[in-house]
Student: 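Supplied in structure tokens, the structure appears directly below.
Every chain is numbered from 1 and lettered A, B, ... according to where its sequence line falls, protein lines coming before strand lines. Just so it is clear, the model here is predicted, and its values are computed rather than measured. No hydrogens, no waters, no symmetry mates; every other heavy atom, side chains included, goes into these values.
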There are 2 protein chains.
Amino acid sequence: MQARPYRRRARAGNDEDEDEPMMRETRRGDCEWCGLRRVCFPGRLTAESPVGAALLSIRCVRIARGHALYRAGERIEAFHMLRSGCIKETDDSDGRESIVNFCLPGELLTVQNAASAKSQLSSIAVETSFVCAVPWRVFYRVCAQFPSATGEFIKLIARSGGGTRELLTLIRGRGALERVAGFLSNLCTRMQSRGFPAREFRLGMSREDIARYLGLRSETVSRCFSELARRGVLRVRAKRIQILSIQEMRRLSIADVFGSLETPMAEREAV
Amino acid sequence: MQARPYRRRARAGNDEDEDEPMMRETRRGDCEWCGLRRVCFPGRLTAESPVGAALLSIRCVRIARGHALYRAGERIEAFHMLRSGCIKETDDSDGRESIVNFCLPGELLTVQNAASAKSQLSSIAVETSFVCAVPWRVFYRVCAQFPSATGEFIKLIARSGGGTRELLTLIRGRGALERVAGFLSNLCTRMQSRGFPAREFRLGMSREDIARYLGLRSETVSRCFSELARRGVLRVRAKRIQILSIQEMRRLSIADVFGSLETPMAEREAV
DNA sequence: CGACGCATTGATACGTCTCAATGGAAGTGG
DNA sequence: CCACTTCCATTGAGACGTATCAATGCGTCG
């Protein structure tokens with residue numbers, strides 16, 4: 001989301017059955033010129049160590065809205081970072097397409113398995129996105145040469161499942177308004193930490209997607225947005241979002257494990 | 001749960017403030033004599049490779065009911081396997097003690113970080129439990145000697161966060177009965193795969209614990225148990241559980257990602 | 001046996017889902 | 001460029017399910 005690099009392309013009626021190429025390799029990702037260099041993992045790597053971007057052989061891939069970078073069951077030979085757009089990671093195993101994560105620019109897609117193994121998740125572009133890919137084999141080779149990269153690698157895997165647990169605590173036993181407020185303040189925190197404007201942005205995903213992410217119905221999500229607007233915390237006009245009080249938004253969702261919590265521990269335990 | 005090795009000890013009024021020792025090291029775990037040898041990870045290791053149990057220097061520790069093996073924030077220098085009893089793993093970061101996992105005999109406690117790092121979870125005995133511990137440092141040394149152990153290690157970490165995602169899909173957007181049925185059929189599957197009787201067992205944890213695990217209220221959990229009994233799927237007498245129809249239990253929770261799903265894909269998508 | 005904690009059950013309030021209709025934004029074709 | 005179409009978001013009224021509060025029943029353990 002935010003700052004899509006090109007104008008959205010004309011879209012056929014059905015997202016899934018377009019005859020335009022599903023994804024299109026553009027060019028080698030030039031990390032030196034990328035605005036996310038200081039934020040993304042390969043970028044940090046190439047900045048801090050003598051590893052050149054070329055050595056990582058990063059490819060930058062374009063994925064049209066509604067199309068998949070990969071689907072559950074496919075082998076993944078690389079790990080990926082989102083350069084622009086927005087990608088939803090879905091778990092199709094239980095029938096309905098349940099969304100596990102929304103990936104924002106500058107973030108890594110969920111690292112599931114180190115080496116070549118079947119993916120459990122599908123990665124689908126919510127809006128036209130550009131993704132940088134680093135092949136595992138290449139990465140291993142670089143790790144062997146530069147030990148500093150290996151440290152990053154360990155952290156990578158360790159952090160991998162963490163997001164799911166945070167989503168769990170955001171959802172479990174919480175009301176709809178808490179969930180939506182938590183979702184928004186989470187987005188806020190992540191946008192901010194990536195250097196994007198955090199108070200005002202465009203939601204790439206539909207209400208339906210947000211609903212499936214939070215375990216609600218799209219109507220309920222919509223109502224919560226309206227309610228937040230009524231309380232003066234938010235301004236909404238379709239996909240355009242403006243957060244008027246981040247503090248209040250945080251207060252409404254005690255679940256925001258990410259940002260700093262103003263609420264003292266004692267007060268929360270009193271609930 | 002199931003087959004507690006010794007009679008439960010006398011318990012003071014408050015779980016947290018007993019003056020008896022919190023945990024007590026018993027003896028070196030003799031893997032050769034352990035009934036879970038073929039099931040547990042260190043057991044398999046010592047069976048398949050020339051690694052002796054002594055080499056892994058497994059300690060077996062007793063944890064009284066209501067006491068913690070470790071608490072969030074402490075450094076963990078070992079990974080653990082549950083030999084008997086039942087342990088709840090809790091995430092205290094959001095104020096209320098939210099339960100992330102119930103560990104059953106023969107299962108590993110959630111592996112959070114490979115090396116010495118602060119634990120994000122607390123591990124609390126739901127009933128008196130015996131836990132085997134393998135220090136990471138020792139394990140690393142063994143890995144260096146026997147490559148077959150390293151393979152197990154990789155799988156270990158990869159599987160680590162998986163349970164949380166399964167819990168997420170069990171809870172999100174599902175009704176109370178589905179959740180409880182899913183919880184029970186999940187227990188069923190796990191008991192069976194460990195070689196325990198799967199249709200009839202004792203729930204070590206309270207209704208309150210189950211409720212916090214599933215994001216419900218204890219009264220609701222109780223009502224669901226009664227409802228399942230009314231439908232002839234279950235027999236309940238307090239903590240004693242008897243599953244009359246595993247098939248029907250599975251059908252009631254489409255969420256059981258673990259066992260084989262009878263419901264065909266098409267039917268589920270129709271929902 | 002008696003006391004306590006835990007589980008069960010009931011009545012009610014509240015919140016979310018459901019179904020349905022309206023409104024508005026984005027994209028299409030003349 | 002404008003009117004048209006379509007998809008998506010919003011809003012409303014009602015049904016349903018879970019939380020809540022309270023009382024009773026029962027196992028567990030002293």
Student: Nearest to the side chain of B:Lys239, heavy atoms from C-beta on, is which of D:dA9, C:dT8, C:dC6?
Tutor: C:dC6
Student: Measure from CG on B:Leu214 to P on D:dT18 and round the result to the nearest Å.
Tutor: 12 Å
Student: Without decimals, in angstroms, what is the distance between A:Glu227 CD and D:dT10 C1'?
Tutor: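 My rounded result for the distance is 14 Å.
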Student: Just checking A:Ser206: base, sugar-phosphate only, or nothing, at a heavy-atom cut-off of under 4.0 Å?
Tutor: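 Answer is sugar-phosphate: A:Ser206 comes under 4.0 Å of backbone atoms only.
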Student: Looking at B:Arg235 and B:Glu200, does any basic side-chain N land under 4.0 Å from a carboxylate oxygen?
Tutor: no
Student: Using whole Å, report how far CD1 of B:Ile241 lies from C1' of C:dA7.
Tutor: 12 Å
Student: Find the distance B:Glu127:CD to D:dC29:P and express it as a whole number of Å.
Tutor: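 Distance check: B:Glu127 CD to D:dC29 P gives 11 Å.
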Student: Judged by modelled atom types alone, do B:Thr189 and B:Arg250 share a side-chain donor-acceptor pair under 3.5 Å?
Tutor: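 Present: a donor and an acceptor within the cut-off.
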Student: If I take atom CE in residue A:Met205 and atom P in nucleotide D:dA9, what distance separates them, rounded to the nearest angstrom?
Tutor: 11 Å
Student: Below 4.0 angstrom from OP1 or OP2 of D:dT11, is there any side-chain N or O of A:Ser226?
Tutor: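 So the side-chain polar atoms of A:Ser226 do come within 4.0 Å of the phosphate oxygens OP1 or OP2 of D:dT11, strictly under.
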Student: Would you sort out whether A:Arg231 and A:Glu248 count as a salt bridge (charged side-chain N to carboxylate O under 4.0 Å, His left out), showing the intermediate values?
Tutor: CA-CA 10 Å; A:Arg231 298 196 190 185; A:Glu248 182 65 9; 5.8 Å; no
Student: Can we say A:Arg223 and A:Glu219 salt-bridge, meaning some charged N sits less than 4.0 Å from an Asp/Glu carboxylate O?
Tutor: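 Not counted as a salt bridge, because no side-chain N and carboxylate O are separated by less than 4.0 Å.
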Student: Is the gap between the ring centers of B:Phe183 and B:Tyr213 under 6.0 Å?
Tutor: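 Here the rings of B:Tyr213 and B:Phe183 have centres that are less than 6.0 Å from each other.
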Student: B:Arg179 CZ to D:dG17 C1': how many Å, rounded?
Tutor: 11 Å
Student: Given atom CD of A:Glu208 and atom C1' of D:dC8, what is their separation to the nearest angstrom?
Tutor: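 Result: 10 Å.
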Student: Base, backbone or nothing for each nucleotide of nucleotides 11-25 of chain C, written B, S, -, heavy atoms under 4.0 angstrom, 5' to 3'?
Tutor: B----SSBB------
Student: Show the numbers, then the answer: is there a side-chain contact (heavy atoms from CB on, under 4.5 Å) between A:Ile246 and A:Ser185?
Tutor: CA-CA 7 Å; A:Ile246 298 181; A:Ser185 60; 5.6 Å; no
Student: For the CZ atom on B:Arg194, are there more than 12 heavy atoms of other groups (residues, nucleotides or ligands in this structure) within a distance under 6.0 Å?
Tutor: yes
Student: When the distance from CG of A:Leu203 to P of C:dA26 is rounded to whole Å, what number comes out?
Tutor: 14 Å
